[in-house]
*Asks:* 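Shown below is the structure under consideration.
For this chain, numbers begin at 1 and follow the sequence in order.
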Amino acid sequence: EICEGVSFNTIAREWRCKWSGDNEKSSLVKLQKELNAVTSQLKAVKGVKNVQRVVCGGCLDFKVITALSEDTFGDWEKAEFAPEKDFLAAIKAIDGVTVVETQTYTLETVF
(Lines give C-alpha, C1' and ligand atoms only; values in the text may rest on other atoms or scores of the structure.)
Protein backbone atom coordinates (compact mmCIF):
# COMPACT_ATOMS: atom_id res chain seq x y z
CA GLU A 1 0.00 0.00 0.00
CA ILE A 2 1.40 3.39 -1.03
CA CYS A 3 -0.90 5.25 1.37
CA GLU A 4 -4.38 4.81 2.78
CA GLY A 5 -6.68 3.50 0.05
CA VAL A 6 -3.93 3.28 -2.60
CA SER A 7 -2.90 -0.35 -2.80
CA PHE A 8 -1.43 -2.45 -5.60
CA ASN A 9 -0.25 -5.96 -6.33
CA THR A 10 1.46 -5.38 -9.67
CA ILE A 11 4.59 -3.45 -10.58
CA ALA A 12 5.37 -2.66 -14.20
CA ARG A 13 8.44 -1.60 -16.13
CA GLU A 14 7.83 0.50 -19.22
CA TRP A 15 10.17 0.95 -22.17
CA ARG A 16 9.07 3.77 -24.43
CA CYS A 17 10.16 5.86 -27.36
CA LYS A 18 8.91 7.97 -30.23
CA TRP A 19 8.88 6.65 -33.78
CA SER A 20 8.75 8.42 -37.12
CA GLY A 21 6.12 8.16 -39.84
CA ASP A 22 8.84 8.62 -42.47
CA ASN A 23 9.67 5.91 -45.01
CA GLU A 24 6.30 4.20 -44.66
CA LYS A 25 6.71 3.96 -40.87
CA SER A 26 9.85 1.87 -41.20
CA SER A 27 10.98 2.74 -37.68
CA LEU A 28 7.72 1.31 -36.28
CA VAL A 29 8.20 -1.87 -38.31
CA LYS A 30 11.72 -2.23 -36.88
CA LEU A 31 10.54 -1.52 -33.32
CA GLN A 32 8.04 -4.36 -33.57
CA LYS A 33 10.74 -6.69 -34.88
CA GLU A 34 12.96 -5.83 -31.90
CA LEU A 35 10.07 -6.51 -29.52
CA ASN A 36 9.43 -9.84 -31.23
CA ALA A 37 13.10 -10.70 -30.72
CA VAL A 38 12.87 -10.36 -26.91
CA THR A 39 9.37 -11.76 -26.35
CA SER A 40 10.58 -15.21 -25.32
CA GLN A 41 13.00 -13.68 -22.81
CA LEU A 42 10.22 -11.59 -21.31
CA LYS A 43 7.94 -14.64 -21.08
CA ALA A 44 10.66 -16.38 -19.08
CA VAL A 45 10.90 -13.66 -16.40
CA LYS A 46 9.75 -15.13 -13.10
CA GLY A 47 6.47 -13.61 -11.98
CA VAL A 48 5.58 -11.94 -15.28
CA LYS A 49 1.84 -11.42 -15.55
CA ASN A 50 1.71 -9.94 -19.03
CA VAL A 51 3.47 -7.80 -21.59
CA GLN A 52 1.54 -5.12 -23.43
CA ARG A 53 2.53 -3.07 -26.44
CA VAL A 54 1.04 0.39 -26.91
CA VAL A 55 1.28 2.23 -30.24
CA CYS A 56 -0.20 5.69 -30.77
CA GLY A 57 -0.44 6.81 -34.37
CA GLY A 58 -1.18 10.39 -33.35
CA CYS A 59 1.69 11.14 -30.97
CA LEU A 60 3.92 8.37 -32.38
CA ASP A 61 4.44 6.57 -29.07
CA PHE A 62 5.73 3.01 -28.88
CA LYS A 63 5.59 1.49 -25.40
CA VAL A 64 6.28 -1.94 -23.99
CA ILE A 65 4.84 -2.56 -20.52
CA THR A 66 5.94 -5.64 -18.61
CA ALA A 67 3.85 -6.31 -15.50
CA LEU A 68 5.03 -8.53 -12.66
CA SER A 69 3.65 -9.55 -9.31
CA GLU A 70 4.85 -7.28 -6.52
CA ASP A 71 6.70 -10.09 -4.76
CA THR A 72 8.83 -11.02 -7.80
CA PHE A 73 9.56 -7.57 -9.22
CA GLY A 74 12.64 -7.04 -7.04
CA ASP A 75 14.36 -10.07 -8.55
CA TRP A 76 13.88 -8.71 -12.06
CA GLU A 77 15.13 -5.32 -10.90
CA LYS A 78 18.29 -6.96 -9.49
CA ALA A 79 18.76 -8.59 -12.92
CA GLU A 80 18.68 -5.07 -14.43
CA PHE A 81 15.34 -5.81 -16.11
CA ALA A 82 16.98 -8.12 -18.64
CA PRO A 83 16.72 -7.96 -21.64
CA GLU A 84 16.23 -4.19 -21.18
CA LYS A 85 19.81 -3.08 -21.96
CA ASP A 86 19.96 -5.04 -25.21
CA PHE A 87 16.46 -3.98 -26.29
CA LEU A 88 17.11 -0.29 -25.60
CA ALA A 89 20.46 -0.40 -27.41
CA ALA A 90 18.79 -2.02 -30.42
CA ILE A 91 15.95 0.49 -30.64
CA LYS A 92 18.26 3.48 -30.14
CA ALA A 93 20.08 2.36 -33.30
CA ILE A 94 16.91 2.53 -35.42
CA ASP A 95 16.68 5.57 -37.71
CA GLY A 96 13.67 7.66 -36.73
CA VAL A 97 13.50 6.46 -33.10
CA THR A 98 13.93 9.19 -30.51
CA VAL A 99 13.25 9.88 -26.82
CA VAL A 100 14.05 6.39 -25.53
CA GLU A 101 13.05 6.19 -21.86
CA THR A 102 12.12 3.79 -19.08
CA GLN A 103 9.80 4.07 -16.10
CA THR A 104 8.68 1.86 -13.23
CA TYR A 105 5.22 2.20 -11.72
CA THR A 106 2.47 0.27 -9.98
CA LEU A 107 -0.66 -1.08 -11.62
CA GLU A 108 -3.97 -1.99 -10.05
CA THR A 109 -7.13 -3.12 -11.77
CA VAL A 110 -9.97 -0.89 -10.58
CA PHE A 111 -12.76 -3.11 -11.96
Side-chain angles (χ1 to χ4, degrees):
E1 187 170 75
I2 297 171
C3 62
E4 184 180 337
V6 183
S7 60
F8 64 93
N9 61 12
T10 302
I11 303 176
R13 182 70 170 178
E14 180 177 283
W15 305 332
R16 64 177 174 255
C17 63
K18 297 288 188 179
W19 55 275
S20 169
D22 295 343
N23 300 315
E24 298 183 11
K25 303 177 185 174
S26 64
S27 59
L28 180 57
V29 171
K30 291 174 183 175
L31 284 166
Q32 183 62 51
K33 286 180 181 178
E34 292 300 334
L35 175 56
N36 293 347
V38 298
T39 298
S40 62
Q41 292 171 318
L42 291 172
K43 283 182 183 177
V45 173
K46 181 183 175 190
V48 71
K49 291 183 171 187
N50 61 63
V51 176
Q52 296 174 303
R53 186 213 62 219
V54 177
V55 175
C56 178
C59 61
L60 306 181
D61 282 339
F62 182 90
K63 300 178 182 186
V64 177
I65 302 164
T66 304
L68 280 77
S69 58
E70 179 185 8
D71 60 339
T72 59
F73 186 83
D75 292 336
W76 193 39
E77 185 175 33
K78 287 177 188 168
E80 299 179 331
F81 307 111
E84 180 176 276
K85 284 183 183 180
D86 292 338
F87 179 77
L88 297 180
I91 68 171
K92 285 178 182 178
I94 297 171
D95 286 339
V97 170
T98 58
V99 195
V100 176
E101 299 175 322
T102 62
Q103 184 177 0
T104 298
Y105 45 76
T106 67
L107 290 174
E108 183 65 23
T109 301
V110 177
F111 64 89

*Asks:* With a 4.5 Å cut-off on side-chain heavy atoms, are Val38 and Asp86 touching?
*Replies:*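 In short, these two side chains do not touch, never coming nearer than 4.5 Å.
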*Asks:* Start with the C-alpha distance between Leu68 and Glu77, add both sets of side-chain angles, then the distance that settles side chain to side chain contact (heavy atoms under 4.5 Å, CB included), and finish with yes or no.
*Replies:* CA-CA 11 Å; Leu68 280 77; Glu77 185 175 33; over 6 Å; no
*Asks:* Side-chain heavy atoms under 4.5 angstrom apart, residues restricted to Ile, Leu, Val, Met, Phe, Trp, Tyr: same cluster for Val51 and Val55?
*Replies:*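 The answer is yes; both residues are in one hydrophobic cluster.
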*Asks:* Could you list who else is in Ile65's hydrophobic cluster, with ILVMFWY side chains joined at under 4.5 Å, directly or through other members?
*Replies:*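 Members besides Ile65, by chain and number: Val54, Tyr105, Leu107.
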*Asks:* Out of Val97, Val64, Thr98, Val99, which one pairs with Cys17 under the side chain to side chain contact (heavy atoms under 4.5 Å, CB included) rule?
*Replies:*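 Exactly one candidate clears the test, Val97.
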*Asks:* State, with a plain yes or no, whether a side-chain heavy atom of Thr104 is found less than 4.5 Å away from one of Phe73.
*Replies:*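 Side-chain contact under 4.5 Å: yes.
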*Asks:* Using 0.5 Å steps for rounding, measure from the NZ atom of Lys63 to the CD atom of Gln52.
*Replies:*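 The NZ atom of Lys63 sits 11.5 Å away from the CD atom of Gln52.
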*Asks:* Scan residues 17-46 for pairs that pass salt bridge (charged side-chain N to carboxylate O under 4.0 Å, His left out), counting only residues two or more places apart or in two chains.
*Replies:*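 Found Lys18-Asp61.
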*Asks:* What are the two closest heavy atoms between Gly21 and Leu60, and how far apart are they?
*Replies:*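 Answer, listing the atom of Gly21 first, then Leu60: N-CD1, 4.3 Å.
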*Asks:* When rounded to the nearest 0.5 angstrom, what distance separates CD in Glu14 from CD in Gln103?
*Replies:*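 Nearest 0.5 Å value for the CD-CD distance: 6.0 Å.
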*Asks:* Are Thr66 and Trp76 packed together at the side-chain level, in the sense that at least one heavy-atom pair is separated by less than 4.5 angstrom?
*Replies:*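 Thr66 reaches Trp76 side chain to side chain.
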*Asks:* Please check: side-chain N/O of Glu108 versus main-chain N/O of Thr10, any donor-acceptor pairing under 3.5 Å?
*Replies:*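 No.
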*Asks:* Please step through side chain to side chain contact (heavy atoms under 4.5 Å, CB included) for the pair Leu42 and Val48, ending with a clear verdict.
*Replies:* CA-CA 8 Å; Leu42 291 172; Val48 71; 5.7 Å; no
*Asks:* For Pro83 and Gln41, which heavy atoms make the closest approach, and how far apart are they?
*Replies:*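 Closest approach of Pro83 to Gln41, heavy atoms only: CB-OE1, 3.2 Å.
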*Asks:* Can you tell me how far CH2 of Trp15 sits from CD of Glu84, rounded to the nearest 0.5 angstrom?
*Replies:*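 The distance works out to 6.0 Å.
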*Asks:* Do Phe62 and Leu35 make a side-chain contact, defined as non-hydrogen atoms from C-beta onward lying under 4.5 Å apart?
*Replies:*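 Result yes, sub-4.5 Å side-chain heavy-atom pair found.
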*Asks:* Provide the closest heavy-atom pair for Ala82 versus Val45 in the form atom of the first, atom of the second, distance.
*Replies:*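 Scanning both residues completely, I find the closest heavy atoms to be O-CG2, 4.1 Å.
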*Asks:* Ile94 versus Trp19: any side-chain heavy-atom pair under 4.5 Å?
*Replies:*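 SC-SC contact between Ile94 and Trp19 ruled out.
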*Asks:* Within a reach of under 6.0 Å around CG of Asn36, are more than 12 heavy atoms found that belong to other residues, nucleotides or ligands?
*Replies:*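 Yes, enclosed.
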*Asks:* Rounded to the nearest 0.5 Å, what's the gap from CG on Leu88 to OG1 on Thr102? Could you check?
*Replies:*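 Separation between the atoms: 6.5 Å.
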